[in-house]
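Below you'll find the structure, written out as structure tokens, and then a few comments.
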There are 2 protein chains.
Amino acid sequence: MPRPRSPLLSVDAIVSTALSLVDAFGDFSFPKVAKELGVSQSALYNYIENREHIIELMRGRVFSSRPLLDTENLSWEDALRTLAHGYRTCLLEHPRLVPLLVTQTVRDLGVMGIYEDMAIVLGKAGLAASAVVPAITTVDYLVLGSALELTAPEVVWSPPSGQFPALSAAIANLGPPAKRSEAAFAFAVEMLLAGLRQGVKMDF
Amino acid sequence: MPRPRSPLLSVDAIVSTALSLVDAFGDFSFPKVAKELGVSQSALYNYIENREHIIELMRGRVFSSRPLLDTENLSWEDALRTLAHGYRTCLLEHPRLVPLLVTQTVRDLGVMGIYEDMAIVLGKAGLAASAVVPAITTVDYLVLGSALELTAPEVVWSPPSGQFPALSAAIANLGPPAKRSEAAFAFAVEMLLAGLRQGVKMDF
DNA sequence: ACCTGAACACCGTTCAAGT
DNA sequence: ACCTGAACACCGTTCAAGT
């Protein structure tokens with residue numbers, strides 16, 4: 001095949017295809033991305049370095065829709081709440097991406113900006129400097145964990161009949177996964193805010 | 001090769017080998033487990049059903065060291081704190097197992113027992129029934145996220161020089177990963193406890 | 001510059017065949 | 001009952017070769 005007049009591929013096209021595969025099947029592979037784009041497997045390496053690179057590009061894509069925060073006109077509480085929920089919202093349409101994200105260091109600068117925003121907000125909250133990273137880390141855990149929950153086809157715990165009465169009772173009348181995940185996340189964020197509000201000081 | 005007098009394999013041996021591979025390399029494979037045990041790859045299927053099964057057995061193994069909780073003589077706060085930290089402690093020596101765990105539904109009964117204990121404790125705390133699962137879910141996120149952090153060779157965020165001043169400042173003088181993860185987890189658990197104590201009520 | 005095709009070293013799972 | 005070996009359908013990555 002001769003070299004095409006305009007390239008058949010692009011980084012964007014590769015990332016889009018990989019992301020749609022992740023959304024649909026929970027994973028992607030070079031053969032599948034190549035097939036989808038009607039191109040040979042090795043052609044992908046003209047645009048990306050390796051599998052990790054594609055994943056990092058997907059991370060950037062998903063969080064590029066991050067809404068700009070008006071840090072000035074908000075109380076630190078409202079700012080942090082908005083940041084946390086906005087962060088999570090970006091993942092809502094791509095929850096199956098999370099397992100691929102959690103094993104890789106964050107390099108995307110857009111995502112780094114979210115952390116920077118949180119650091120600023122927490123500083124304004126008067127949180128001890130040594131507690132800023134723990135607090136950000138906590139939000140991170142909550143966002144990723146919450147999104148991860150949307151991945152499971154069923155509930156994460158499926159206690160067998162009879163045993164585990166307290167757990168079974170608590171699970172009994174739960175809403176659909178989306179609502180449940182949202183509720184758990186909102187709950188956790190409010191817990192965090194309440195804790196910060198109370199000015200819990202610990203010696204790290 | 002004739003059938004050996006006593007079996008060359010056992011579920012326990014397979015799980016131990018897989019777990020040590022995960023600890024060392026962050027993953028395991030059938031060829032590697034088989035090689036380690038001096039056996040052919042397909043022989044493993046006489047003891048386990050598939051890859052998922054091995055992972056679930058590793059989950060059970062890791063959490064089998066769970067300390068029994070004296071629920072009676074503790075305040076709900078101390079009980080929940082102890083449960084959460086004990087839960088996390090089980091993962092401390094096998095943090096690289098976490099990525100394999102988070103994509104699979106929990107079937108192991110021992111692990112289910114931890115959730116049951118938490119449900120009981122939270123009921124005693126007087127938490128609204130509808131908030132029990134969100135609270136347990138929160139602990140779950142925190143434990144897995146905290147353990148996951150021990151996986152990364154470096155810090156999860158590595159902000160480039162110059163940009164992200166607030167984040168860089170917060171990261172500046174952090175302890176070693178183990179201490180940092182411990183601190184973030186302890187922080188988050190205390191936040192949760194403080195929130196529960198305050199009796200934050202939300203309508204889920 | 002951009003793509004193909006073959007090659008390599010890996011995977012998980014099945015199954016006939018041996019004792 | 002317990003294991004081997006071959007087979008199958010997959011992976012990620014490299015590299016010579018084409019235009």
Side-chain angles (χ1 to χ4, degrees), chain A residues 1-59 96-97 99-105 107 153, chain B residues 1-59 96-97 99-105 107 153:
Chain A
M1 175 188 274
R3 173 154 76 96
R5 310 161 157 264
S6 70
L8 297 173
L9 285 177
S10 70
V11 173
D12 254 28
I14 293 172
V15 174
S16 297
T17 305
L19 190 53
S20 70
L21 283 169
V22 168
D23 290 340
F25 307 109
D27 205 356
F28 77 97
S29 74
F30 282 80
K32 282 172 186 162
V33 170
K35 188 165 205 174
E36 196 89 12
L37 292 169
V39 104
S40 121
Q41 202 178 149
S42 50
L44 301 175
Y45 287 89
N46 287 309
Y47 297 86
I48 51 90
E49 294 174 18
N50 48 36
R51 186 181 158 89
E52 268 195 27
H53 189 195
I54 297 189
I55 293 174
E56 202 54 22
L57 289 169
M58 286 194 279
R59 192 202 301 269
R96 307 186 80 172
L97 181 60
L100 305 184
L101 296 182
V102 293
T103 45
Q104 248 176 237
T105 305
R107 287 182 220 282
Chain B
M1 174 189 274
R3 173 155 76 97
R5 310 163 155 262
S6 70
L8 297 174
L9 285 177
S10 70
V11 172
D12 254 29
I14 292 172
V15 173
S16 297
T17 305
L19 191 53
S20 70
L21 284 169
V22 168
D23 289 340
F25 307 108
D27 205 358
F28 78 101
S29 73
F30 282 80
K32 283 171 186 161
V33 171
K35 189 165 205 173
E36 196 90 10
L37 291 168
V39 103
S40 122
Q41 201 177 150
S42 51
L44 301 176
Y45 287 89
N46 287 309
Y47 296 85
I48 51 89
E49 296 174 17
N50 47 36
R51 188 180 157 89
E52 269 196 26
H53 189 195
I54 296 189
I55 294 174
E56 202 55 23
L57 290 168
M58 286 194 279
R59 193 202 300 271
R96 306 186 81 173
L97 180 61
L100 306 184
L101 295 182
V102 292
T103 45
Q104 249 175 236
T105 304
R107 288 182 218 285

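Below, chains carry the letters A, B, ... as their sequence lines are ordered, and counting in each starts from 1. In what follows, every heavy atom counts, from backbone to side chain, and hydrogens, waters and symmetry copies are set aside.
- Side-chain contact between B:Phe28 and B:Leu19: absent, with no pair of heavy atoms (C-beta onward) separated by less than 4.5 Å.
- Side-chain contact check for A:Gln104 and A:Glu56: at least one donor-acceptor pair (N or O, by modelled atom type) lies under 3.5 Å.
- The side chain of B:Phe30 sits closest to C:dG12 out of D:dC2, C:dG12, D:dG12.
- Between the CG atom of B:Asp27 and the C1' atom of D:dG12 there is a distance of 14 Å, given to the nearest Å.
- Residue B:Leu21 contributes atom CG, which lies 10 Å from atom P of C:dC11 at whole-angstrom precision.
- Between B:Lys32 and C:dC10 there is no side-chain polar atom (N or O) within less than 4.0 angstrom of OP1 or OP2.
- Taking a pair to require two hydrogen-bonding distances under 3.5 Å in either a Watson-Crick or a G-U wobble arrangement, D:dT14 pairs with C:dA6.
- Residue A:Gln41 contributes atom CD, which lies 10 Å from atom P of D:dT13 at whole-angstrom precision.
- Residue A:Val39 has its side chain nearest to C:dC3 when only D:dT13, C:dC3, C:dT14 are considered.
- Between the P atom of C:dG12 and the CD1 atom of B:Ile55 lies a distance of 10 Å, rounded to the nearest Å.
- Proximity note for B:Asn46 (side chain, C-beta onward) versus D:dG12, C:dT13, D:dC2: the nearest is D:dC2.
- For the atom pair CG (B:Asp12) and CG (B:Leu57), the distance works out to 9.0 Å, reported to the nearest 0.5 Å.
- Spacing between atom CZ of B:Arg51 and atom C1' of C:dC11 amounts to 9 Å, rounded to whole angstrom units.
- Rounding to the nearest 0.5 Å gives a distance of 8.0 Å between CG of A:Leu9 and CG of A:Asn46.
- When heavy atoms are screened at a 4.0 angstrom cut-off, B:Ser29 is found touching the sugar-phosphate backbone but no base atom.
- Between A:Tyr47 atom OH and C:dA1 atom P the separation is 12 Å, expressed in whole Å.
- The listed nucleotides are D:dT4, C:dT4, C:dT13; the one nearest the side chain of B:Tyr45 is C:dT13.
- Here C:dC15 presents its C1' atom at 16 Å from CG of B:Leu44, a figure rounded to the nearest Å.
- Taking only side-chain atoms of B:Pro7, from C-beta outward, the nucleotide of D:dC2, D:dC15, D:dG12 with the closest atom is D:dC2.
- With rounding to whole Å, B:Ile14 atom CD1 is found 9 Å from D:dC3 atom P.
- Nucleotide C:dA1 forms a pair with D:dT19, judged by Watson-Crick or G-U wobble geometry with both contacts under 3.5 Å.
- In the set D:dC3, D:dT14, C:dC3, the nucleotide with an atom closest to the side chain of A:Ser42 is D:dT14.
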With a cut-off of 3.5 Å and sequence neighbours excluded, list every side-chain donor-acceptor pair involving residues 32-44 of chain A.
unit_1	atom_1	unit_2	atom_2	d
A:Ser40	OG	A:Ser42	N	3.3
A:Ser40	OG	A:Ser42	OG	3.1

